[in-house]
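Naming convention: chains lettered A, B, ... in sequence-line order (proteins, then strands); numbering from 1 in each chain. All figures in this text were calculated on a predicted structure; none of them were measured in a lab.
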There are 2 protein chains.
Amino acid sequence: MKKKKMVPAVTITRLPVYLRYLNELARKGIPVISSHDLAELAGGNGPQLRKDLSFLGELGTRGVGYDVKELAHQISKFMGLDREQSVAIIGAGKLGTALLRYKGFAEKGFKIRAILDTDLQKVGKKINDLLINDVENLERVIKEEKIEICIITTPASEAQKVADRIVSCGISTILNFAPVSLKVSDEIVVRQIDLSVELQILSFYKTLTG
Amino acid sequence: MKKKKMVPAVTITRLPVYLRYLNELARKGIPVISSHDLAELAGGNGPQLRKDLSFLGELGTRGVGYDVKELAHQISKFMGLDREQSVAIIGAGKLGTALLRYKGFAEKGFKIRAILDTDLQKVGKKINDLLINDVENLERVIKEEKIEICIITTPASEAQKVADRIVSCGISTILNFAPVSLKVSDEIVVRQIDLSVELQILSFYKTLTG
DNA sequence: TATTGTGAATTTTTTCACAGCC
DNA sequence: GGCTGTGAAAAAATTCACAATA
């Protein structure tokens with residue numbers, strides 16, 4: 001958490017969405033887009049998009065709009081997406097294996113280099129040409145495969161232990177699917193996806209609308 | 001979006017997390033907890049938790065804390081979680097089937113009553129005692145199974161069409177895993193989970209820390 | 001004329017601090 | 001003495017509105 005930290009966290013969550021649509025526009029051969037039109041695609045509004053982009057510099061042209069390819073490039077670079085990154089999945093259950101097979105990661109440059117599990121029934125088996133490794137070997141695998149991001153898909157009871165181990169290997173970014181609030185020091189960034197929490201939130205709003 | 005709408009959206013996202021830990025405490029037989037201790041478990045702070053709960057009423061006892069079971073009950077009731085809810089999954093790919101098998105949903109009272117797909121190779125097959133239905137039958141299935149929440153796990157290209165159809169059946173709450181910003185009228189609530197966006201966000205923070 | 005970039009205003013969320021109650 | 005509930009203060013995010021410029 002240092003120099004770039006003046007960029008609001010919410011902006012960071014929106015930039016990848018802009019990027020997705022910019023890449024789509026580029027594929028369609030559209031050279032330029034206005035903040036209003038891009039925001040409409042991405043589900044936001046013009047002023048907000050312009051404010052978001054203003055944190056990266058003056059990337060547009062007044063009276064014209066944004067160069068689609070150039071803006072995509074700038075966002076990619078800013079977010080460190082202009083190179084491949086190595087990811088490990090800890091937990092080879094249903095969700096872990098579904099994520100391993102998910103096409104969207106590789107397309108964005110995230111290479112799943114390892115999947116690990118405690119279950120010796122699973123260890124040694126192959127999914128998508130990747131051997132399931134024993135969690136025992138976690139530290140070694142992270143080092144050897146130069147893992148930068150870990151995805152935790154273990155049962156809740158195991159998640160904190162796994163988190164402690166990967167953090168002590170120097171990993172600072174975690175995507176956690178286990179339904180526990182991980183306790184980590186505050187230079188570690190955890191993104192939490194809790195599937196049943198999402199349905200519970202929807203449950204609340206359903207009672208308002210229905 | 002009517003009466004209860006004065007409760008901040010962020011509060012709604014935190015209540016299910018409090019509820020998770022309250023249920024855990026109840027299982028352990030702990031009768032009472034302070035805002036400070038519960039917030040610590042849930043990854044927040046005392047004042048914020050108290051402010052969150054204050055929107056539901058005066059649920060604690062000054063000088064004492066919160067009755068664990070009673071607070072769990074109040075939150076459940078407030079969020080409409082005190083009864084079963086029927087869910088459909090549209091898209092029987094890797095992710096859709098992983099979600100179908102996910103234990104966490106049933107535990108929280110969300111029953112997956114239907115899973116649908118366009119692929120006729122899949123239609124008619126069974127997963128977890130549930131027949132994969134043809135998306136053709138979407139409207140009928142939603143009605144017959146009294147579906148209240150839909151989970152979209154189709155490819156991006158299909159998601160908007162599916163969303164339009166389920167909304168026209170009266171569904172007002174959607175959990176969308178397809179990487180598209182769904183365009184729906186504003187009484188419809190969409191929760192978006194975009195897996196590669198999450199990794200892209202982490203990518204940014206990694207460049208700050210590492 | 002069209003559209004960006006940005007200070008200022010507004011709204012939302014978080015934090016603070018303390019009165020009120022057990 | 002300990003802990004909640006909450007109004008007030010502070011911080012963060014969003015929206016507005018308009019000068020700047022192609």
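- Spacing between atom CG of A:D37 and atom C1' of C:dA2 amounts to 12 Å, rounded to whole angstrom units.
- With rounding to the nearest 0.5 angstrom, the CD1 atom of A:I112 is 7.0 Å from the CG atom of B:L199.
- B:L53 comes within 4.0 angstrom of nothing in the nucleic acid, heavy atoms only.
- One atom, CG of A:D52, and another, P of D:dT15, lie 11 Å apart when rounded to the nearest Å.
- Look at CZ on B:R50: it is 17 Å from P on D:dA8, rounded to the nearest Å.
- Of the residues near DNA chain D, B:E58 and A:K51, the one whose nearest nucleotide (by heavy atom distance) lies more toward the 5' end is B:E58.
- Dashed line: the shortest gap from a side-chain N or O of A:R62 to OP1 or OP2 of D:dA20 is not under 4.0 Å.
- Residues A:I166 and A:I174 meet the side-chain proximity criterion, which asks for heavy atoms closer than 4.5 Å.
- Using a 4.5 Å heavy-atom cutoff, the side chains of A:L15 and A:L56 are in contact.
- The shortest side-chain heavy-atom distance between B:L38 and B:L71 falls under the 4.5 Å cut-off.
- Spacing between atom CD1 of B:I12 and atom P of C:dT13 amounts to 11 Å, rounded to whole angstrom units.
- For A:L56 and C:dG5, the CG to P distance is 10 Å, given to the nearest whole Å.
- Counted by atom type alone, A:D164 and A:Q160 present one or more donor-acceptor pairs between their side chains at under 3.5 Å.
- Within the structure, a side-chain polar atom (N or O) of B:Y66 is placed less than 4.0 Å from OP1 or OP2 of D:dG5.
- The separation between A:H36 atom NE2 and C:dT4 atom C1' is 14 Å, rounded to whole Å.
- Within the structure, a side-chain polar atom (N or O) of A:S35 is placed less than 4.0 Å from OP1 or OP2 of C:dT4.
- At the phosphate of C:dT15, OP1 or OP2 sits under 4.0 Å from a side-chain N or O atom of B:N45.
- Regarding A:Q48, its CD atom lies at a distance of 15 Å from the C1' atom of C:dT6, rounded to whole Å.
- Atoms CZ (B:F55) and P (C:dT13) sit 9 Å apart, rounded to a whole Å.
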